[in-house]
Amino acid sequence: MARLAGKDERNATVGKTLTHKLIENHLAAGRIEPGSEIGIRIDQTLTQDATGTMAYLQFEAMGIGRVRTELSMSYIDHNTIQIGFENADDHRYLHSVARRYGIRLSRAGNGICHQVHLERFGRPGKTLLGSDSHTSTCGALGMLAIGAGGLDVALAMAGEPFFLTCPRVIRVNLTGKLPPWVSAKDVILKLLDIFTTRGNVGHVFEYGGEGLAGLTVPERATIANMGAELGLTTSVFPSDAVTRRFLAAEDREADWAGLDADPDAQYEKVVEIDLAGLVPLAAKPHSPDNIGTVRELAGIPVDQVCIGSCTNSSYRELATVARILRGRVAHPRVSLIVTPGSRQVLENLARNGFLADLLAAGARLTESSCGFCIGGSHSPGSRSVSLRTSNRNFYGRSGTEDAEVYLVSPETAAAAVATGVVTDPRDLGMDFPAVAMPERFRVDDCMILEPAPPEKAVSIEILRGPNIGSPPENGPLPGRLDGEVTIKVGDKITTDHIMPAGARMKYRSNIRRYADFVFEGLDPTFPARAAKIRDNGRHNVVVAGQSYGQGSSREHAALCPMYLGVKAVIAKSYERIHTANLINFGILPLVFENETEYNLLDQGDSLEIPDLRGAVASGGSLTVRNATKGRSFAVTCTLSERQKRILLAGGALNLVKTRV
Ligand code: MIC
Ligand code: SF4
């Protein structure tokens with residue numbers, strides 16, 4: 001059913017992909033040649049509170065008076081539980097920064113950044129850079145929407161171009177129509193089954209085909225959202241009549257513009273997905289690409305069902321769950337958590353009667369926030385099974401190390417609520433309750449705060465609580481690497497492994513404190529050992545396998561190791577956002593030339609690169625001497641001239657400070 005068809009060479013005389021048209025309209029540096037470095041102008045930015053405080057501290061350090069984008073949004077959605085003073089202090093800081101620097105702010109309780117941005121601010125044809133990996137969600141509106149580290153977003157707010165590798169574009173051709181009980185989540189889980197979470201760095205998925213007509217914007221958003229799990233640069237949908245209807249329902253049809261690829265556009269690859277042939281799927285523990293059919297998992301007892309997150313929390317999805325559960329009560333074993341994606345979703349559900357159905361079914365309704373998705377609340381019990389409509393089921397992310405988390409569609413989640421076991425929703429024995437998207441949502445932006453006008457803004461005081469520390473400084477790259485392998489880790493190490501979220505997330509604005517938890521789940525002795533090596537004037541080196549730095553965009557996964565004196569990572573391969581973050585904070589992302597060398601390295605080995613600065617400046621291959629084992633091996637460091645300058649300066653902030 002899913003078929004890979006033909007591979008074409010790029011040819012300048014043929015039609016353009018929508019992705020390359022969007023890039024062309026924003027090109028600030030470089031040429032549209034897949035694989036080469038380009039810079040693009042950024043129209044819109046978004047931050048959320050967990051990455052935003054650091055992004056704004058860095059923006060402040062640049063000394064710019066006001067943001068230079070068309071729109072910059074600051075969302076408060078990740079840390080809203082507020083146990084202790086830290087989160088509330090962060091919110092207060094974010095409020096004052098937004099008013100001072102020309103940023104619009106979505107208050108805590110107004111919803112999850114990606115859902116609110118889709119509803120209220122995303123615009124076809126624009127670029128959006130967000131300090132959250134799921135910023136790609138707005139690709140559903142025909143935007144070029146990309147996730148990045150906070151420092152890159154701060155630079156975009158300062159009017160600097162965003163640099164990335166010009167992507168290779170894969171066309172995903174959707175044909176047919178989804179059968180009842182099968183939904184957008186099953187489409188993206190199918191793509192994760194085909195493409196996995198590895199090997200897609202530097203690619204964009206561009207969707208097309210007659211099957212698109214049957215997918216609403218929120219359904220497209222589910223698919224674009226989990227492009228992050230594929231490791232894509234982003235995902236792009238055309239802006240068509242469906243997009244126009246959605247924007248009209250949001251009372252902003254004027255923001256619509258029709259956009260599509262040229263009919264003769266040439267793609268790297270074309271994948272055909274027949275929507276009619278899809279079945280309900282699940283991502284099994286502990287990776288979003290560990291896919292099975294729901295039917296083959298049927299009967300597994302379920303303890304918890306969490307419906308929400310930025311992946312599946314739209315009005316139509318929650319209304320569908322409400323209709324499935326109408327007249328039913330959650331199975332006694334199942335704790336049902338429902339998190340609407342935005343206050344708009346919640347209010348529309350309430351006004352149209354669906355909220356009452358959910359409450360009558362025993363739903364534990366939470367504030368519109370990230371909550372359970374990031375282990376910020378509702379951690380499941382020991383060894384329990386949790387079915388979630390979110391996008392990541394990495395080991396321990398729920399806050400419970402030994403929980404078994406499955407990612408499923410809202411329909412499959414609702415079926416398990418009713419029966420208490422994993423159930424293919426087609427086996428519920430009821431007709432599919434099709435819920436239409438309203439022609440008009442009830443729209444209310446009262447929780448979006450406007451910035452102060454420029455003449456008043458200058459006198460606004462920035463409010464910093466005791467948890468908010470300035471970003472630590474880093475010196476220029478040393479002349480010589482005198483290092484030790486402080487930790488050796490395996491494949492698919494996520495940024496959740498490097499910098500845990502959940503209960504630790506409240507230290508996001510306090511790097512010195514947050515650094516106490518680097519690699520906490522893998523080796524809690526790492527921070528103390530690393531700090532000792534740093535304090536002895538030596539360098540820490542991390543050795544890793546494939547796809548190092550998957551998942552979250554949190555730059556803390558580079559910033560805290562930098563603070564602890566990590567100067568290099570040597571891995572088999574890296575994910576996109578984390579590579580950029582390592583470079584931004586002056587850490588070398590080195591790649592084994594021969595992967596078998598990984599097997600010959602051990603924790604505690606002393607590593608040396610004599611002329612480090614010279615080697616980085618000339619680029620390409622570097623020789624690392626393992627003094628403990630008495631042998632040398634080759635690593636590569638493929639860098640653009642811009643990246644070399646950043647690394648030599650000891651990070652992007654050092655470079656910018658000298659320039660601005
Ligand atoms: C996530 O889903 O992992 C997060 C929390 O939204 C992160 C951002 C963060 O770590 O603050 C992301 O996806 O980038
Ligand atoms: Fe929030 Fe989860 Fe979405 Fe990240 S993936 S933005 S934590 S809802």
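Note that the structure is predicted; figures quoted are calculated from it, not measured. We're numbering straight along the sequence, starting at 1.
- Under the 4.5 Å side-chain criterion, counting only non-hydrogen atoms from C-beta, Arg104 is not in contact with Ser72.
- Residues meeting the side chain to side chain donor-acceptor pair (under 3.5 Å) test with Arg645, sequence neighbours left out: none.
- Ser133 pairs with exactly one of Glu229, Arg392, His578 by the side chain to side chain donor-acceptor pair (under 3.5 Å) rule, that one being Arg392.
- Under the salt bridge (Lys or Arg N to Asp or Glu O under 4.0 Å) criterion, Arg41 pairs with no residue at all, not counting sequence neighbours.
- In this pair, Tyr207 and Phe205 present their aromatic rings perpendicular. The plane angle is above 60°, beyond the 30 to 60° band.
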From CA spacing to verdict: side chain to side chain donor-acceptor pair (under 3.5 Å), Arg504, Tyr514: CA-CA 7 Å; Arg504 305 300 187 201; Tyr514 198 26; over 6 Å; no
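- Without hydrogens or angle criteria, Asn654 side chain to Asn474 main chain gives a donor-acceptor distance under 3.5 Å.
- Between atom CG of residue Leu477 and atom CD1 of residue Ile646 there is a gap of 12.5 Å, rounded to the nearest 0.5 Å.
- Electrostatic pairing of Lys644 and Glu641 counts as a salt bridge here, judged by a charged N lying under 4.0 Å from a carboxylate O.
- With sequence neighbours excluded, the residues satisfying side chain to side chain donor-acceptor pair (under 3.5 Å) with Glu367 are Thr80.
- Shown here are the ring-ring contact (aromatic ring centres under 6.0 Å, His included) partners of Phe59, two or more places apart in sequence or in another chain: Tyr101.
- Atom CG of Leu215 and atom CD1 of Ile223 lie 5.0 Å apart (nearest 0.5 Å).
- Within the 3.5 Å criterion, the main-chain N or O of Asn79 finds a donor-acceptor partner in the side chain of His91.
- Remark: Leu22 CG to Ser239 OG distance equals 10.0 Å, nearest 0.5 Å.
- Among pairs with a residue in residues 466-476, those fulfilling salt bridge (Lys or Arg N to Asp or Glu O under 4.0 Å) read Glu473-Lys657, at least two apart in sequence or across chains.
- When Gln115, Arg120, Glu250 are each tested for a side chain to side chain donor-acceptor pair (under 3.5 Å) with Gln344, only one passes: Glu250.
- Thr243 has its side chain within reach of Arg220: a pair of non-hydrogen atoms, C-beta onward, lies under 4.5 Å apart.
- The structure places CG of Leu128 at 5.5 Å from SG of Cys138, a figure rounded to the nearest 0.5 Å.
- At least one side-chain heavy atom of His20 sits less than 4.5 Å from a side-chain heavy atom of Pro34.
- Remark: side-chain polar atoms of Gln48 are paired, donor with acceptor, to backbone N or O of Thr51 under 3.5 angstrom.
- Applying the side chain to side chain contact (heavy atoms under 4.5 Å, CB included) rule to Leu57 yields the partners Met54, Glu60, Tyr93, Arg464, Ile468, Pro471; only residues at least two apart in sequence or on another chain are considered.
- For residues 240-259, no pair satisfies ring pair (Phe, Tyr, Trp, His ring centres under 6.0 Å), with sequence neighbours left out.
- Here Gln550 pairs with Thr197 under the side chain to side chain donor-acceptor pair (under 3.5 Å) rule; sequence neighbours left out.
- Panel note: side chain Ser368, backbone Pro340; a donor-acceptor pair is recorded below 3.5 Å.
- Looking at Arg576, its side chain never comes within 3.5 Å of a backbone N or O of Leu164 through a donor-acceptor pair.
- Checking each of Thr234, Asp132, Thr311, Asn225 against Thr137 for a side-chain contact (heavy atoms from CB on, under 4.5 Å) leaves exactly one that passes, namely Asn225.
- The ring-ring contact (aromatic ring centres under 6.0 Å, His included) test applied to Phe372 returns no partner, not counting sequence neighbours.
- Side-chain contact between Arg100 and Val458 is present, with at least one heavy-atom pair separated by less than 4.5 Å.
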Step-by-step side chain to side chain contact (heavy atoms under 4.5 Å, CB included) determination, Lys506 to Asp90: CA-CA 9 Å; Lys506 68 179 182 178; Asp90 283 357; over 6 Å; no
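- Between Pro167 and Ile23 the shortest side-chain heavy-atom distance falls below 4.5 Å.
- Not one N or O on the side chain of Lys21 forms a donor-acceptor pair closer than 3.5 Å with the backbone of Gly125.
- Counting heavy atoms from C-beta on, the side chains of Leu46 and Tyr75 come closer than 4.5 Å.
- Pro218 places none of its side-chain heavy atoms less than 4.5 Å from the side chain of Arg316.
- Of the possible polar contacts, one joining the Ser640 side chain to the Gln643 backbone as a donor-acceptor pair under 3.5 Å is found.
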Ile374/Arg397 under side chain to side chain contact (heavy atoms under 4.5 Å, CB included): CA gap, chis, key distance, verdict: CA-CA 6 Å; Ile374 186 62; Arg397 178 173 163 104; 3.4 Å; yes
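- Evaluation of the salt bridge (Lys or Arg N to Asp or Glu O under 4.0 Å) rule for Asp444 yields Arg343 as partners, not counting sequence neighbours.
- Partners of Phe162 by ring-ring contact (aromatic ring centres under 6.0 Å, His included), not counting sequence neighbours: none found.
- Taken to the nearest 0.5 Å, the SG atom of Cys373 stands 10.5 Å off from the CG atom of Asp77.
- Here SG of Cys310 is found 9.5 Å from CG of Asn312. Values are rounded to the nearest 0.5 Å.
- Thr389 is not listed as a side-chain neighbour of Val321, based on a closest heavy-atom distance of 4.5 Å or more.
- In this structure, Glu555 contributes its side chain and Gly150 its backbone to a donor-acceptor pair below 3.5 Å.
- Looking only at distances, no side-chain donor or acceptor of Asn510 sits under 3.5 Å from a matching main-chain atom of Gly469.
- Listed by chain and residue number, nothing satisfies the side chain to side chain donor-acceptor pair (under 3.5 Å) test with Ser379 (two or more places apart in sequence, or in another chain).
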